[in-house]
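In what follows, every heavy atom counts, from backbone to side chain, and hydrogens, waters and symmetry copies are set aside. Throughout, numbering of the chain's residues begins at 1 and tracks the sequence. First listed ligand is number 1; within each ligand, the first listed atom is number 1.
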Amino acid sequence: MTTAADQIIVALDGMAPEQALAFCQSVDGLRWVKVGLELFVQAGPEVIAQLREQGLRVFLDLKFHDIPATMAGACRRVAALGAELITVHACAGSEALQAAQAGAVEGAANTALKVPTLLAVTVLTSWSEQRLKQELAITQDIRERVPALASLAAAAGIGGCVCSPQEAAALRVLHPAPFALVTPGIRPRGSEAGDQSRVMGPGAAIAAGATQLVIGRPITRANDPSAAFATCCADLDQAAIGISGVSCP
Ligand code: C5P
């Protein structure tokens, strides 16, 4: 059965490897963590093994975007490390996405691990429509571009996408479960929005169709991270009243 703790992925941003490992041990009930570029570049694949030894499940957020053969090779290696969620850019195109998915299946099979879920990144929230047009000559509205790229990824066999909580409801209509929708931009009541501009509470994001939430600073920078994590779990438990069949990888 999926519990609230299974739906919260804590982003280990801005921490040195030893700090990240100690932090994870200090949070009661933590199940999932997100390793991003910064931590991975410092610590390498070893950190994934160390986190798994703590009993944690790992989302490796390296946002692969390359030619098909390189995408396949990278996903094969990452799947063999035991990462269970892996990000790829939908803009890499269908051939590269299919190759990435095939690589992940192969990497897991070689090591008898579960096949990871690949998550497509559609449009990074740091882009505005104006800059997409000026710098990349992309004239499509972001509101149209996000579902179009999510559909491209789904058709290529990718298992889900990363999206803002505001996009979750519309994407859920287009892509029923088990397509995963993982949403950052989560702020529990009372926490600071910081540099996130369009935020949503944990329960509301799950109610909108998200399968899992990425939460960083509201937990990692809290005075009492265990209490902050528990508050997020409680919000999800509340939201689960009336929602049935919520499942995640
Ligand atoms: O600290 P905070 O909760 O804002 O962290 C959110 C995490 O999700 C960070 O690791 C950030 O890089 C990531 N992310 C995001 N917005 C996106 C994609 C990823 O905030 N569109």
Side-chain angles (χ1 to χ4, degrees), residues 7-17 19-20 23-24 27 30 32-43 47-48 51 56-65 83 85-92 117-129 131-132 142-143 145-147 149-150 153 158 160-171 180-206 208-223 225 227-229 231-233 235-236 248:
Q7 294 183 290
I8 298 176
I9 305 172
V10 174
L12 303 176
D13 297 324
M15 295 186 207
Q19 232 183 331
F23 171 82
C24 291
V27 181
L30 183 64
W32 277 92
V33 289
K34 180 169 89 76
V35 174
L37 275 167
E38 189 185 351
L39 181 56
F40 192 78
V41 165
Q42 278 188 85
V47 77
I48 299 177
L51 291 164
L56 295 166
R57 303 178 72 179
V58 178
F59 171 6
L60 187 61
D61 185 18
L62 302 183
K63 299 185 179 69
F64 295 138
H65 185 174
L85 291 170
I86 302 169
T87 42
V88 292
H89 272 284
C91 287
T117 299
L118 266 52
L119 299 173
V121 174
T122 55
V123 181
L124 290 172
T125 44
S126 48
W127 281 105
S128 66
E129 269 166 25
R131 282 185 50 236
L132 281 172
I142 288 179
R143 230 177 328 143
R145 189 164 175 81
V146 167
L149 286 170
I158 299 299
C161 72
V162 180
C163 63
S164 92
Q166 278 78 13
E167 291 158 354
L171 288 175
L181 295 177
V182 177
T183 59
I186 303 297
R187 289 294 177 267
R189 204 172 306 133
S191 63
E192 284 176 24
D195 53 6
Q196 299 278 14
S197 52
R198 292 160 67 231
V199 299
M200 204 182 268
I206 291 290
T211 41
Q212 282 173 296
L213 316 173
V214 174
I215 310 180
R217 290 160 291 181
I219 294 174
T220 57
R221 303 245 179 115
N223 290 333
F229 180 72
T231 302
C232 293
C233 289
D235 200 42
L236 293 194
C248 56

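- Atom 12 (O) of ligand 1 has as its closest protein heavy atom Lys34 NZ, 4.2 Å.
- Judged purely by atom type and a 3.5 angstrom limit, Thr211 uses its side chain to pair as donor or acceptor with the backbone of Leu181.
- Atom 19 (C) of ligand 1 has its closest protein heavy atom at Pro184 CG, 3.7 Å.
- Here the side chain of Ser191 pairs no donor or acceptor atom with the backbone of Arg187 at under 3.5 angstrom.
- For ligand 1 and Arg187, the ligand atoms under 4.0 Å from any heavy atom of the residue are 1 (O), 2 (P), 3 (O), 4 (O).
- Screening Val182, Val33, Ile186 for a side-chain contact (heavy atoms from CB on, under 4.5 Å) with Ile9, the sole residue that qualifies is Val182.
- Of all the atoms in ligand 1, the ones that sit under 4.0 Å from a non-hydrogen atom of Gly216 are 1 (O), 2 (P), 3 (O), 5 (O).
- Nearest protein heavy-atom neighbour of atom 21 (N) of ligand 1: Thr125 OG1, 3.0 Å.
- Arg189 contributes no side-chain N or O that, together with a main-chain N or O of Asp235, makes up a donor-acceptor pair within less than 3.5 Å.
- At a 4.0 Å cut-off, not a single heavy atom of Arg221 sits close enough to ligand 1 to count as contact.
- The protein heavy atom nearest to atom 20 (O) of ligand 1 is Gln196 NE2, 2.7 Å.
- With rounding to the nearest 0.5 Å, the separation of OG1 in Thr117 from CZ in Phe59 is 10.5 Å.
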Let me see the working for Asp61 and Val162 under side chain to side chain contact (heavy atoms under 4.5 Å, CB included), right down to the final yes or no. CA-CA 10 Å; Asp61 185 18; Val162 180; 5.9 Å; no
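- With a 4.0 Å cut-off on non-hydrogen atoms, Pro218 touches ligand 1 through its side chain and not its backbone.
- Atoms of ligand 1 lying under 4.0 Å from at least one heavy atom of Arg217, given by number and element, are 1 (O), 2 (P), 3 (O), 4 (O).
- For ligand 1, the polar-atom distance check finds no N/O of Ile186 at less than 3.5 Å from any of the ligand's N/O atoms.
- Close contacts between ligand 1 and Ala11 involve ligand atoms 10 (O) [criterion: under 4.0 Å to a heavy atom].
- Side-chain atoms of Thr183 do not come within 3.5 Å of backbone N or O of Ser164 as any donor-acceptor pair.
- Residue Ile206 comes nearest to Gln7 through the heavy atom pair CD1-NE2, 3.5 Å, listed as atom of the first residue, atom of the second, then distance.
- Using a 4.0 angstrom heavy-atom cutoff, Asp13 counts as in contact with ligand 1.
- When only interatomic distances are considered, the shortest N/O to N/O separation between Lys63 and ligand 1 does not fall below 3.5 Å.
- Of the options Arg143, Glu129, His89, Arg145, a side-chain contact (heavy atoms from CB on, under 4.5 Å) to Val123 is made by Arg145 and by none of the others.
- The shortest contact between atom 7 (C) of ligand 1 and any protein heavy atom is with Val214 CG1, 3.7 Å.
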